[in-house]
A.B. asks: 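What follows is a structure written as structure tokens; I'll ask about it next.
To find a chain, count down the sequence lines: A is the first, B the second, and so on, and within it residues start at 1. No experiment lies behind these values; they were computed from the predicted model shown.
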Amino acid sequence: MANKYSLTVNGQKHEIESDPDTPLLYILRNDLKLKGTKFGCGGGVCGACTVIMDGLAIFSCDTPIWSIDDKKIETIEGISQDGIHPLQELLIDEQAGQCGYCLSGIIMKVKAITDDDPTKSVDDIANELDRNLCRCGSQLRILNAVKKYLDGKSSR
Amino acid sequence: MNMFPGSFDSAPNIANWFTINKDGTVRMVSGKVEIGQGINTAFVQIAAEELDIDPDRIEISAGNTKDGLDGGCTAGSQSMQTEGISVRKAASAARMLMLSKASELLQSDVRELNVIDGEIYLNDNSTNLSYWSIAKDIDFNQPVEIYMQPKLPSQRKLAGKSIKRIDLKNKILGTHEFVHDIELDGMLHARVVRPPSVSSRIIKIDIDKINTLKNLKKLVVNGSFIAVIAEREEDAVKLAEQVNKYCKWSTPDKIIEDPLQFIRDTKSPIINSLDKGKIDVLRFDGISTEVSRKFLCHASIGPCCAVAQWKGNTLEVYTHSQAVFAMKRTLASIFNIDESDVDVMHKHGSGCYGHNGADDVVLDAVLVAKEFNGTPVRLVWSREDELSWSPLAPGMVTKIDANLADNLMIESFDISIKSPPHVKRPSGENGEYLLAAEHMSNPLNPPNPVDTPLDKGGAADRNSMPLYDIPNIRIQKQIVYDLPWRTSAMRGLGAFVNVYAIETLMDDIASMQEIDPIEFRLKHLSDPRIIELIERVRDISKWTDRSSGLPKGFAFSRYKNSGAYCAMVVEINVDEDIELINAWAVIDAGEVVNADGVKNQIEGGIIQATSCTLIEEVNFDGEIISATDWENYPIIKFKQTPQIQVELIDRPEEPFLGVGEAAHGPTAAAISNALFTAMNIRIKQLPITRERIISSLNI
């Protein structure tokens with residue numbers, strides 16, 4: 001049965017009519033056409049679908065729409081609205097990626113962790129990326145970019 | 001040897017490759033596709049070099065059967081070695097043709113002209129001519145062969161520079177359109193309803209009950225190929241599960257308890273890959289090894305996806321296939337339509353490391369779309385589909401018997417390889433190796449594929465020929481066709497296990513003789529290129545100071561014996577689990593076009609190979625593949641990331657050598673050799689898990 005839900009995505013308010021158990025991922029990708037967030041596993045294990053809800057990183061593939069009514073969502077498209085996010089700049093500098101499919105989820109996860117606690121170390125972040133997978137083997141470059149991002153944050 | 005490899009046979013003219021636009025841009029076409037390896041960037045860089053223009057001016061189109069080039073399959077680390085050379089020749093010809101025109105207009109000699117970012121200069125003075133102003137008056141339908149004049153190595157300016165990947169910025173911004181992100185008007189969503197295991201077929205399906213399911217737009221039943229179509233993606237996902245409850249599938253009659261043992265016991269005919277010198281089979285008094293690897297998954301992060309649309313009898317497909325022209329021919333053959341009525345367009349997918357389900361999902365989508373002629377249908381596999389229905393990398397067994405001469409040098413290697421097929425790619429003619437083709441009501445039964453002979457790079461026997469000076473070598477392979485599981489190409493093919501066998505045996509023999517394993521190898525090498533490579537990695541890894549610190553291991557191979565050379569030293573930590581801490585790799589890839597691109601491939605290769613070496617294995621419950629999600633097919637995680645130092649030996653005078661698969665075998669062997677150094681145990685079955693270490697300690 002379709003219900004009405006209201007959610008704010010990247011600062012914009014949307015009214016959505018949907019079955020309550022529709023995963024947020026499909027609302028973002030297919031209703032709001034925000035395709036930067038990816039489907040990977042559907043079970044909250046690989047992290048490709050990571051977005052930020054009220055400051056917390058969540059897996060949009062297994063988060064039903066009913067649970068996020070009135071919540072604020074931030075996606076990869078949102079963090080570069082006012083120019084490229086510094087973390088993205090550093091990832092580009094490091095050429096951190098091969099196929100790039102996992103990157104938006106990883107970026108959102110790292111942003112959520114570091115926005116919440118800027119004192120985290122790169123090792124802390126590597127541990128917390130336990131449910132963000134990369135198959136091409138770009139982990140080293142991604143962590144190098146994260147390290148520079150943390151250094152930049154602490155010197156600011 | 002073909003002078004013009006890659007797409008050249010079908011694209012002999014400059015116009016096939018380049019269009020020079022008056023707005024200062026260049027459109028370039030290539031026959032190889034981007035699969036995350038950065039090939040488009042390397043091609044743009046080669047073309048910009050020869051044309052003397054800024055790389056940003058070039059827009060590349062690759063993998064499109066409408067107006068593209070057929071460069072064959074993007075596989076085997078071949079793109080630079082074949083298409084790269086063709087791009088260089090074609091770009092140099094475009095430049096020369098335009099300069100000929102300019103020299104006419106300026107009434108000067110071509111040798112007095114030069115180009116800076118498309119502007120033409122006469123004796124270093126600017127003219128009013130540029131590529132952009134003169135191109136419209138030139139007929140580019142001229143043979144590349146006549147005009148080509150690639151720069152000499154000393155004339156190159158961009159070569160070896162690390163320009164940034166042309167596609168990566170948008171992938172980091174989240175704005176790149178992957179095949180998964182295509183949105184066409186009225187597009188429907190579909191999912192396949194999977195049987196419980198590979199040889200299961202449908203016995204009964206309760207269509208009446210299924211037709212009462214909410215949001216089902218259509219059920220597709222074609223033999224045992226069953227799929228659901230819905231307007232919304234999440235409904236298709238849900239419906240596939242619901243429908244399966246109303247399906248009764250047959251259970252397989254043949255159960256194989258131990259697939260690796262089955263491979264070991266094969267009675268398949270023996271194929272002689274190589275006979276060099278003489279093997280005295282009666283006199284085996286040396287040292288022997290038998291290594292094996294379990295089956296692996298490609299395990300792409302994004303499940304395979306395709307979008308298909310029939311318009312009457314014509315068909316359009318968007319895919320991340322590695323071989324769009326082969327797919328076009330295959331689809332035309334399966335649906336009995338003209339090849340000219342099928343167009344296959346490449347879009348970037350999630351990284352693939354060989355032949356995953358990218359081709360299979362195309363037929364899935366095309367079969368489903370046939371039910372809604374005129375309407376585009378997008379079909380994405382589930383995570384379970386991706387892991388357990390993509391072709392697997394075959395499990396494999398390689399045995400080597402080595403005899404030593406009186407001077408303790410290696411006298412002979414007698415090598416035996418047993419493996420299911422490594423290459424089952426759809427080709428269009430008797431080669432419709434597609435998953436749904438086995439399930440359709442008129443299933444196709446393509447013949448068993450021939451394993452690529454060693455002199456063409458090999459498949460199961462890839463890299464089984466050691467590059468050490470060994471006077472007598474025999475290589476035999478047996479291809480196991482009677483296992484039920486679908487197998488096909490994954491990064492390195494047989495090289496992963498064969499290099500593991502050779503390079504761990506080299507350490508075993510060195511240890512027996514109490515010789516430094518690198519010293520022992522150098523005694524068996526005369527090629528100065530390999531010696532330089534190995535000495536370099538020995539230096540940068542401080543190999544000779546290894547009395548303290550973490551245990552180190554070494555390995556070397558040259559991919560396919562014709563691609564890039566890779567020498568590697570690793571340092572591991574042996575605790576509860578084995579962890580790769582440091583890796584040093586020295587790479588000789590001939591002429592390097594994009595140094596950072598090469599490093600990126602090697603780093604990624606080392607990390608992925610570490611995952612394959614220490615973690616990954618497919619297990620089977622009867623015929624059922626255990627790998628259905630990331631919990632039961634784990635791969636390497638961020639916290640297991642090693643430090644890696646890659647050094648390149650750039651040889652601008654030498655041909656390009658493919659690097660994409662160079663690091664895999666050496667990584668596995670070097671890790672094993674480090675463990676051997678640390679604990680004096682040799683793990684012969686990959687992956688090297690804690691359980692296998694414990695059980696080998698107990699013996």
A.B. asks: What part of His189(B) gets within 4.5 angstrom of chain A, counting heavy atoms only: side chain, backbone, both, or neither?
C.D. replies: side chain

A.B. asks: Sort by residue number and list every residue of residues 45-54 of chain A having at least one heavy atom under 4.5 Å from chain B.
C.D. replies: Val45(A), Cys46(A), Ala48(A)

A.B. asks: For Asp31(A), is it the side chain, the backbone, both, or neither that has a heavy atom closer than 4.5 Å to a heavy atom of chain B?
C.D. replies: side chain

A.B. asks: Under 30°, 30 to 60°, or over 60°: which ring-plane class applies to His348(B) and His346(B), parallel, tilted or perpendicular?
C.D. replies: tilted

A.B. asks: With a 3.5 Å cut-off and no angle check, do the side chains of Glu233(B) and Asn30(A) form a donor-acceptor pair?
C.D. replies: yes

A.B. asks: Heavy-atom pairs under 4.5 Å with chain B are the metric here; pick the option from Ala126(A), Pro23(A), Gly42(A) that has the most.
C.D. replies: Ala126(A)

A.B. asks: What part of Leu168(B) gets within 4.5 angstrom of chain A, counting heavy atoms only: side chain, backbone, both, or neither?
C.D. replies: side chain

A.B. asks: Side chain, backbone, both or neither: which part of Leu87(A) has an atom under 4.5 Å from a heavy atom of chain B?
C.D. replies: neither

A.B. asks: Any chance you could lay out the side-chain contact (heavy atoms from CB on, under 4.5 Å) test for Asp19(A) and Arg232(B), step after step, and finish with the verdict?
C.D. replies: CA-CA 11 Å; Asp19(A) 275 355; Arg232(B) 291 191 60 91; over 6 Å; no

A.B. asks: Under 4.5 Å from any heavy atom of chain A, what part of Ser611(B) do you find: side chain, backbone, both or neither?
C.D. replies: side chain

A.B. asks: Side chains of Thr75(A) and Glu77(A): any donor to acceptor distance under 3.5 Å?
C.D. replies: yes

A.B. asks: Can you say whether Ile606(B) sits under 4.5 Å from chain A via the side chain, the backbone, both, or neither, judging by heavy atoms?
C.D. replies: neither

A.B. asks: Could you walk me through whether Glu128(A) and Lys637(B) pass the salt bridge (charged side-chain N to carboxylate O under 4.0 Å, His left out) check?
C.D. replies: CA-CA 10 Å; Glu128(A) 290 193 41; Lys637(B) 296 196 165 177; over 6 Å; no

A.B. asks: Check whether Asp629(B) gets within reach of chain A through its side chain, its backbone, both or neither, counting any heavy atom under 4.5 Å.
C.D. replies: neither

A.B. asks: Among Ile607(B), Thr641(B), Ile172(B), Asn170(B), who wins on heavy-atom pairs under 4.5 Å with chain A?
C.D. replies: Ile172(B)

A.B. asks: If I measure from the heavy atoms of chain A, does Gln601(B) come under 4.5 Å with its side chain, its backbone, both, or neither?
C.D. replies: both

A.B. asks: Need one label for Ile182(B): side chain, backbone, both or neither, based on atoms under 4.5 Å from any heavy atom in chain A.
C.D. replies: backbone

A.B. asks: Is it true that Gln322(B) and His355(B) share a donor-acceptor pair across their side chains at a distance under 3.5 Å?
C.D. replies: no

A.B. asks: Quick one: do Arg165(B) and Asp596(B) make a salt bridge, cutoff under 4.0 Å?
C.D. replies: no

A.B. asks: Using a 4.5 angstrom heavy-atom cutoff, name the option from Lys171(B), His176(B), Lys639(B), Arg491(B) with the most pairs to chain A.
C.D. replies: Lys639(B)

A.B. asks: Which atoms of Leu103(A) are under 4.5 Å from chain B, going by heavy atoms: the side chain, the backbone, both sets, or neither?
C.D. replies: side chain

A.B. asks: For Ser350(B), is it the side chain, the backbone, both, or neither that has a heavy atom closer than 4.5 Å to a heavy atom of chain A?
C.D. replies: both

A.B. asks: Can you check whether anything in residues 105-112 of chain A gets within less than 4.5 Å of chain B, heavy-atom wise, and list it by number?
C.D. replies: Ile106(A), Ile107(A)

